[in-house]
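Reviewing the structure listed below.
If you're wondering where the values come from, they're calculated on a predicted model, not measured in any experiment.
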Amino acid sequence: MQTAPFHIRQVAPPWAPCCLPAFFKEDPINSANEVPKDIVCSGAPTRWAHKSAPAGVPLVPSPIPFVPDVETFLTLIGRGLKQHASKFPTWESLFTLSSDQLRELGIEPARTRRYLLRWRENFRYGKFGPGGDFKYVENGTADLRVLEVEKSPLVKDRRVVNVPPGKKVDELSPEEMVRPKGYHVERVKAIIGPYALPKGIQFAQVKVTEGMWEDKRGHKVDGGERRREEVRFKRRVAERKALREAQGYY
């Protein structure tokens, strides 16, 4: 049985010379599909991440007991930002000003602005440094005491808790005491943790200190990664030259 032959029809693309008159005759933008003027892009940038926050994250977070105002926040994050505290009239302005506005206020250099913006985001997401989970703070000072929990007649579990100023552990209910992170008890009586200053037996205080939350910057060794080989080579040349001079070869 023989099958009928078939032919492949070649269709010319619309940009072929024979189709160009028909291609340009049709207006791709007519009255039916014309883009409304009110939704045409105005040329404004679409990356305004600093103007908004993800769902569930407040644009302007509430102050916490350890960070009640702008000056305390800038003091804690360090890098000399405390000197700019007067440039932020309100707590809201600290979290809403853009990078360009911070530059106009005189916060220089650019890495300092980036550092401030990064800590703003950390604060929005509840990423605090030492003392950020304190509940009882007065005049920038938090009291820490030791709570002893008896597990057995011979074993006691000792925990560090944050208590209201002037209060002792036996004067408070368990619901009123807060157990902060990063602090523990050593040698039965000593409270150990970031910036904990001993003030008595099983008693310590943590005060707001400049640079307490600061991300410490590293220092360049032998000119940094890009210049390290060059610097070390020149140093070896200078050492060999000094050695030969000492041996009388020059």
Query raised in the report: So do Glu214 and Lys216 actually touch side chain to side chain, heavy atoms under 4.5 Å?
Result: yes
Query raised in the report: Is the backbone of Val149 close enough, under 3.5 Å, to the side chain of Asp157 for a donor and an acceptor to pair up by distance?
Result: no
Report task. State plainly whether the residues Asp222 and Arg232 are in salt-bridge range, i.e. N to O under 4.0 Å. Result -> yes
Query raised in the report: What are the two closest non-hydrogen atoms of Trp213 and Val67, and how far apart are they?
Result: CH2-CG2, 3.6 Å
Query raised in the report: Should Glu239 and Arg235 be marked as a salt bridge (Lys or Arg N to Asp or Glu O under 4.0 Å) after you check the CA-CA gap, both sets of side-chain angles, and the distance that decides it?
Result: CA-CA 6 Å; Glu239 290 175 353; Arg235 182 187 301 163; 5.1 Å; no
Report task. Determine, step by step, whether Phe123 and Phe95 satisfy the ring pair (Phe, Tyr, Trp, His ring centres under 6.0 Å) criterion, reporting the C-alpha distance in whole Å, the side-chain angles of both residues, the deciding distance to 0.1 Å, and the verdict. Result -> CA-CA 10 Å; Phe123 200 91; Phe95 287 89; 5.8 Å; yes
Query raised in the report: Atom CD in Glu210, atom CD1 in Ile77: separation rounded to 0.5 Å?
Result: 10.5 Å
Query raised in the report: What distance do His184 atom NE2 and Ile191 atom CD1 have between them, rounded to the nearest 0.5 Å?
Result: 10.5 Å
Query raised in the report: Is it true that atom CZ of Arg226 has more than 12 heavy atoms of other residues, nucleotides or ligands lying nearer than 6.0 Å?
Result: no
Report task. List the steps and the verdict of salt bridge (Lys or Arg N to Asp or Glu O under 4.0 Å) for Arg158 and Glu148. Result -> CA-CA 5 Å; Arg158 295 176 175 85; Glu148 295 183 346; 3.3 Å; yes
Query raised in the report: Hey, does Pro180 have a side-chain heavy atom less than 4.5 Å from the side chain of Leu144?
Result: yes
Query raised in the report: Is the backbone N or O of Glu176 less than 3.5 Å from a side-chain atom of Tyr136, with the two atoms forming a donor-acceptor pair by type?
Result: yes
**Report entry** Short side-chain to backbone donor-acceptor contact, Glu71 and Ser86, under 3.5 Å
**Finding:** no
Query - Pairwise distance CZ(Arg79) to CG(Leu116) - rounded to 0.5 angstrom - result: 11.0 Å
**Report entry** Spacing of CZ belonging to Phe134 relative to CZ belonging to Phe128, to within rounding of 0.5 Å
**Finding:** 13.0 Å
